[in-house]
Amino acid sequence: MVLADLGKRINSAVNNALSSAQSDYSTTIDNMLKAITTALLESDVNIQLVSRLRNNIKSKLMESKGNTKSVSNGQTKKLIQKTVYDELCALVDCNDGQEPFRPKKKQSNIIMFVGLQGSGKTTSCTKLAVYYSKRGFKVGLVCADTFRAGAFDQLKQNAIKARIPFYGSYTETDPVKVAAEGIAKFKKEKFEIIIVDTSGRHHQEESLFQEMVEISRVVKPNQTIMVLDASIGQAAEQQSKAFKESSDFGAIILTKMDGHARGGGAISAVAATNTPIIFIGTGEHIHDLEKFSPQSFISKLLG
Ligand code: GDP
């Protein structure tokens with residue numbers, strides 16, 4: 001089920017409960033939870049997360065029900081809506097109260113990207129470069145993908161279109177070397193944000209993860225971002241765990257949220273790696289990048 005439909009299904013589950021003719025409070029809540037859980041599972045959200053959400057909503061609503069025997073009064077209705085909303089936010093909120101990464105002016109902040117081929121890595125690198133450039137930072141892009149033929153050309157074209165300085169090589173085959181050279185050049189020229197695009201593969205492969213470890217060691221990123229295609233479903237979880245082990249990313253960009261993404265797998269990936277989503281990609285254009293906040297995401301989902 002695509003995300004837009006998930007929102008509709010959850011809304012209708014809540015609305016059915018609110019207008020329920022069923023006189024028993026507990027049964028009404030159970031029916032609502034059954035509909036919500038089915039919708040979440042059909043959107044690929046991990047079963048453990050769904051069951052946790054279900055238990056949390058149930059216990060909160062039962063705890064605060066007082067003498068309520070049905071959902072007929074206004075206060076109870078509000079409580080049901082708020083509890084469902086809060087638990088859905090908690091599902092996509094992994095910030096744990098940590099300070100989000102904020103690049104500092106007048107020093108070099110290095111941001112490394114990781115992700116599988118096709119996830120939207122190169123596009124997202126450029127989008128983020130434009131985002132920071134618009135906010136007054138001096139930004140450079142480094143192409144450390146020497147694996148895929150045409151990778152440098154792609155980054156170069158994007159960078160030129162976005163008017164972002166770039167570095168890469170047509171001849172050097174060692175990505176670690178290209179990354180180190182690019183960073184050294186931009187540091188010398190007092191660039192404030194240096195974004196390093198790395199290589200991907202079509203599948204998870206040991207060699208890719210080893211490469212990420214090596215680049216990471218040399219690049220010493222201030223922030224590592226994993227790019228995740230929102231439409232890949234259940235595979236997202238496994239993929240993110242593998243990247244987490246090799247490159248210990250601290251943030252996620254979810255791409256292709258404009259398409260027919262099921263999204264639930266990606267939501268599970270966020271929880272599995274306990275890492276916050278910081279931006280979502282909403283199109284192919286360089287400005288199609290939105291800051292992510294759990295509250296506005298859930299509000300939008302529910303319409
Ligand atoms: P990479 O192999 O991970 O570097 O992926 P690319 O950046 O080359 O992107 C792969 C494809 O996905 C390209 O056709 C991009 O235009 C497209 N793409 C990337 N991000 C988004 C997004 O947020 N929405 C849509 N609709 N397409 C995207």
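If you're wondering where the values come from, they're calculated on a predicted model, not measured in any experiment.
Y85 contributes a side-chain N or O that, together with a main-chain N or O of Q295, makes up a donor-acceptor pair within less than 3.5 Å. In this structure, the side chain of S247 does not engage the main chain of K244 through any donor-acceptor pair within 3.5 Å. Side-chain N or O atoms of N15 include one that pairs as donor or acceptor with a backbone N or O of N11 at under 3.5 Å.
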- Query: Could you walk me through whether Q239 and I232 pass the side chain to side chain contact (heavy atoms under 4.5 Å, CB included) check?
  - Reply: CA-CA 10 Å; Q239 196 185 104; I232 65 166; 3.4 Å; yes
- Does the pair V130 and K127 meet the rule for a side chain to side chain contact (heavy atoms under 4.5 Å, CB included), with working shown? CA-CA 5 Å; V130 171; K127 286 178 178 177; 5.8 Å; no
- Message: With side chain to side chain contact (heavy atoms under 4.5 Å, CB included) as the criterion, how do D30 and K58 come out once you've worked through the C-alpha distance, each side chain's angles and the decisive distance to 0.1 Å?
- Response: CA-CA 8 Å; D30 281 340; K58 173 95 193 200; 2.6 Å; yes
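The side-chain contact (heavy atoms from CB on, under 4.5 Å) search around S169 returns T171, E172, V178, not counting sequence neighbours. Residues satisfying the salt bridge (charged side-chain N to carboxylate O under 4.0 Å, His left out) criterion with K156, sequence neighbours excluded, are absent altogether. Annotation: ring-ring contact (aromatic ring centres under 6.0 Å, His included) contacts of F186 (sequence neighbours excluded): F191. Listed by chain and number, the residues in a side-chain contact (heavy atoms from CB on, under 4.5 Å) with A39 are M1, L6, R9 (sequence neighbours excluded). Qualifying salt bridge (charged side-chain N to carboxylate O under 4.0 Å, His left out) partners for E189, counting only residues two or more places apart in sequence or in other chains: K185. The side-chain contact (heavy atoms from CB on, under 4.5 Å) check on Q107 picks up K104, N109, with sequence neighbours excluded. E192 meets the side-chain hydrogen bond (donor to acceptor under 3.5 Å, both in side chains) test with no other residue; sequence neighbours excluded. K138 is linked by a salt bridge (charged side-chain N to carboxylate O under 4.0 Å, His left out) to nothing, counting only residues two or more places apart in sequence or in another chain. The side-chain contact (heavy atoms from CB on, under 4.5 Å) search around S51 returns N55, not counting sequence neighbours.
Closest non-hydrogen pair, A266 versus A230, comes out as CB-CA, 4.2 Å. Residues A251 and I278 come closest through the heavy atom pair CB-CD1, 3.7 Å. For S108 against K187, the heavy-atom pair with the smallest separation is OG-CG, 3.5 Å. Summarising the geometry of S133 relative to V139, their closest heavy-atom pair is N-CG2, 3.7 Å, with the distance given to 0.1 Å.
Criterion: ILVMFWY side-chain heavy atoms under 4.5 Å apart, direct or through other members. Under it, F101 and I280 are not part of a common hydrophobic cluster. One hydrophobic cluster, built from ILVMFWY side chains closer than 4.5 Å, cannot hold both Y132 and I252; they sit in different ones. F279 and V270 sit in two unconnected hydrophobic clusters of ILVMFWY residues. Membership requires side-chain heavy atoms under 4.5 Å apart, directly or through other members. Under the 4.5 Å side-chain heavy-atom criterion for Ile, Leu, Val, Met, Phe, Trp and Tyr, V218 and I225 are members of distinct hydrophobic clusters. Hydrophobic cluster membership differs between M226 and V213, with clusters built from Ile, Leu, Val, Met, Phe, Trp and Tyr side chains linked at under 4.5 angstrom.
Applying ring-ring contact (aromatic ring centres under 6.0 Å, His included) to F243 and the options F113, F249, F209 leaves one that passes, F209.
Of the inter-residue distances, the one linking T198 atom OG1 with F147 atom CZ reads 12.0 Å to the nearest 0.5 angstrom. The CG atom of L155 lies 7.0 Å from the SG atom of C125; values are rounded to the nearest 0.5 Å. With rounding to the nearest 0.5 Å, the separation of CG in N16 from CG in N31 is 9.5 Å. One finds the CG atom of D93 at 9.5 Å from the CD1 atom of I277 (value rounded to the nearest 0.5 Å). How far CG of L61 is from OG1 of T83: 4.5 Å, rounded to the nearest 0.5 Å. Taken to the nearest 0.5 Å, the NZ atom of K256 stands 10.5 Å off from the CG atom of L228.
Other residues, nucleotides and ligands contribute only 12 or fewer heavy atoms inside 6.0 Å of the CD1 atom of I47.
The side-chain hydrogen bond (donor to acceptor under 3.5 Å, both in side chains) pairs that include a residue from residues 213-223 are Q210-E214, where partners are two or more places apart or lie in different chains. Note on residues 143-155: pairs passing side-chain hydrogen bond (donor to acceptor under 3.5 Å, both in side chains), not counting sequence neighbours, are R148-Q154, D153-Y170. Among residues at least two apart or in separate chains, ring-ring contact (aromatic ring centres under 6.0 Å, His included) pairs with a member in residues 282-303 are H285-H287, F292-F297.
A side-chain donor from one of D229 and S231 sits under 3.5 Å from a side-chain acceptor of the other.
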